[in-house]
Number of protein chains: 2
Amino acid sequence: MTEPRSLRADARRNRDAIVAAARAAFDDDEQFRFDDFAARAGVGVGTLYRHFPTREALAAAVYQGEVTALCDRARDSLQSPGENLNLFLRGFVDYVVEHAGLARTLAAVVAPAVQSDGGSQLEDTVATLMTRAVADGAIRHDVAAGAVMVVLHGIGSATDRPDWASESRAAVELLIAGLANVA
Amino acid sequence: MTEPRSLRADARRNRDAIVAAARAAFDDDEQFRFDDFAARAGVGVGTLYRHFPTREALAAAVYQGEVTALCDRARDSLQSPGENLNLFLRGFVDYVVEHAGLARTLAAVVAPAVQSDGGSQLEDTVATLMTRAVADGAIRHDVAAGAVMVVLHGIGSATDRPDWASESRAAVELLIAGLANVA
DNA sequence: TTGACAATTGGAGACGATCTCCATATTCTC
DNA sequence: GAGAATATGGAGATCGTCTCCAATTGTCAA
């Protein structure tokens, strides 16, 4: 998914160091000049720019890692399809709430890049969970994954609201209620 | 709400011209250097900076105007409280979809400033509509306006999704379904 | 191991956007 | 209409972004 093209050992090391440094900085909600990420990762500016031509590219790489971690959780659950979906949605909020700084930064920077890589990974996971839940009769069949994504998007980008954490949880419950099969 | 402090006539004129120019530029999704807004409004850079110290401040002023226009609609409706709320929510999506460029720019820039002015105006409107709908037994009583705000936030900030418009409409229907009183 | 070649690096400096400052111009008050 | 208060504009300082290439480091065949 990332780059099957083999990177020279030092290049890969530097790349990873940069992503790790950026992740840490984002998570702490620190504000950095783009060049500073280089210093922080112990590499030169040139290196930073070769690996990540733009701030968005860097954010996308961090985002990618986060999303993968998040989606991996969806596989381990042994509940019914309906419960599975609900657990994933609630887990999503918990994760995002736990990493507010990260969410804030990523939401601000990553939007356009998201379509390409990690965005679809998240969407695929949601879509799969929903398809199974529909087959199980647990949720309505007439709702596309995209609608759910829009709500999740809101959770990720409303971090500046004073009462964001609890409101986000409430929004997910609202979402789950809306999805429920009322047949 | 904006500034009760009297501004000199020329100052007010310039301020308005800047906001109008910015609104137009945002709506067209044009990308501008901050200084260019000055030229566009026919004023000097200094004037721009005095009125709007930051890009955010300018975006917030535009946002403020938009939100006011939006909330004014809520007053004219003569339906039942429940229908009223639904109409407002659907109207919100329509408006935002209609002005995607504006939404995109504002969502990207305005986040922190939103709390102060226009943000609460929107939230107040939603809260009022919800309170009435609850009183009328049309929607659940256990959902705070904040949860709805988070969803609306998602609609405003997911503009980069390829199928954003229809997904946003679907998200609102999901929201309305979730709010429905299932008693 | 070693030499030759390719990939990668670092950071000085060019570039360009942002923002400050203040002499001048406009509006307001009496 | 004079003086005080307020607002203006844009030249230039400032500072973050990004390019470029000589020097370094990793790779691999012999």
Side-chain angles (χ1 to χ4, degrees), chain A residues 2-26 28-63 104-106 108-113, chain B residues 2-26 28-63 104-106 108-113:
Chain A
T2 327
E3 229 92 326
R5 203 188 61 204
S6 63
L7 233 42
R8 225 172 66 175
D10 55 343
R12 160 121 263 124
R13 208 180 317 125
N14 281 332
R15 201 197 120 99
D16 291 348
I18 293 169
V19 172
R23 210 214 98 112
F26 290 169
D28 288 358
D29 227 347
E30 296 180 69
Q31 210 67 10
F32 274 122
R33 278 195 278 108
F34 193 44
D35 279 20
D36 284 340
F37 287 115
R40 226 183 203 217
V43 304
V45 209
T47 305
L48 170 61
Y49 276 91
R50 188 156 348 81
H51 286 296
F52 305 101
T54 64
R55 188 183 288 275
E56 285 74 30
L58 176 54
V62 174
Y63 180 84
R104 198 192 321 281
T105 314
L106 293 180
V109 171
V110 94
Chain B
T2 326
E3 229 94 327
R5 203 188 62 204
S6 62
L7 232 41
R8 224 173 64 177
D10 54 344
R12 161 120 264 124
R13 208 181 316 128
N14 281 332
R15 201 196 120 99
D16 290 349
I18 293 170
V19 172
R23 209 214 99 110
F26 290 169
D28 288 357
D29 227 346
E30 297 180 68
Q31 210 67 11
F32 274 122
R33 285 197 348 269
F34 192 45
D35 279 22
D36 284 341
F37 286 114
R40 220 171 211 227
V43 305
V45 208
T47 303
L48 170 61
Y49 276 91
R50 189 159 345 84
H51 285 297
F52 305 102
T54 64
R55 189 182 287 276
E56 287 73 31
L58 176 53
V62 174
Y63 180 84
R104 196 192 322 282
T105 313
L106 293 180
V109 171
V110 92

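These numbers come from the heavy atoms of this one structure, side chains and all, not from hydrogens, waters or symmetry mates. In what follows, chains are A, B, ... by sequence order, proteins preceding strands, each numbered from 1.
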- Query: Could you walk me through whether Phe52(B) and Phe34(B) pass the ring-ring contact (aromatic ring centres under 6.0 Å, His included) check?
  - Reply: CA-CA 10 Å; Phe52(B) 305 102; Phe34(B) 192 45; 8.2 Å; no
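- OP1 and OP2 of dA7(D) both lie 4.0 Å or more from every side-chain N or O belonging to Asn14(B).
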Distances under 3.5 Å only, N/O to N/O: pair up the protein atoms with those of nucleotides 1-7 of chain C.
{"from": "dA7(C)", "atom 1": "N3", "to": "Arg8(A)", "atom 2": "NH1", "distance (Å)": "2.6"}

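- Electrostatic pairing of Arg33(A) and Asp35(A) does not count as a salt bridge here, judged by no charged N lying under 4.0 Å from a carboxylate O.
- When all heavy atoms are compared, the tightest approach of Arg15(B) to Ala61(B) is NH2-CB, 4.1 Å.
- Taken from CG in Asp10(B) to CZ in Arg12(B), the straight-line distance is 11.5 Å, to the nearest 0.5 Å.
- Atom CG in Leu48(B) sits about 14 Å away from atom C1' in dA7(D), given to the nearest Å.
- We find the CG-CZ distance between Asp28(A) and Arg23(A) to be 9.5 Å, quoted to the nearest 0.5 Å.
- Every residue two or more places apart in sequence or in another chain that forms a ring pair (Phe, Tyr, Trp, His ring centres under 6.0 Å) with Phe37(B) is listed here: Phe26(B), Phe32(B).
- Note that NE2 of His51(A) and CG of Asp16(A) are 9.0 Å apart. Values are rounded to the nearest 0.5 Å.
- The side chain of Arg13(A) places no N or O atom within less than 4.0 Å of a non-bridging phosphate oxygen (OP1 or OP2) of dT8(C).
- Taking only side-chain nitrogens and oxygens, His51(A) never comes nearer than 4.0 Å to OP1 or OP2 of dT8(C).
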- Under 4.0 Å protein heavy-atom contact, by nucleotide of nucleotides 16-21 of chain C - B base, S sugar-phosphate only: -SBBB-
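- The strand DNA chain C forms stems, runs of 3 or more Watson-Crick or G-U wobble pairs with distances below 3.5 Å, at C:1-30 with D:1-30.
- The side chain of Thr47(A) places an N or O atom within less than 4.0 Å of a non-bridging phosphate oxygen (OP1 or OP2) of dG10(C).
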Indicate every side-chain donor-acceptor pair of residues 38-47 of chain B with a distance under 3.5 Å to a residue at least two apart or in another chain.
none

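- Mapping Asp10(B) and Asp10(A) onto DNA chain C by nearest heavy atom places Asp10(A) closer to the 5' end of the strand.
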Measure all distances between protein nitrogen or oxygen atoms and nitrogen or oxygen atoms of nucleotides 1-4 of chain D, and list the pairs falling under 3.5 Å.
none

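- With a 4.5 Å cut-off on side-chain heavy atoms, Leu58(A) and Arg55(A) do not count as touching.
- Closest heavy-atom contact between Ala11(B) and Leu7(B): CB-CG, 3.9 Å.
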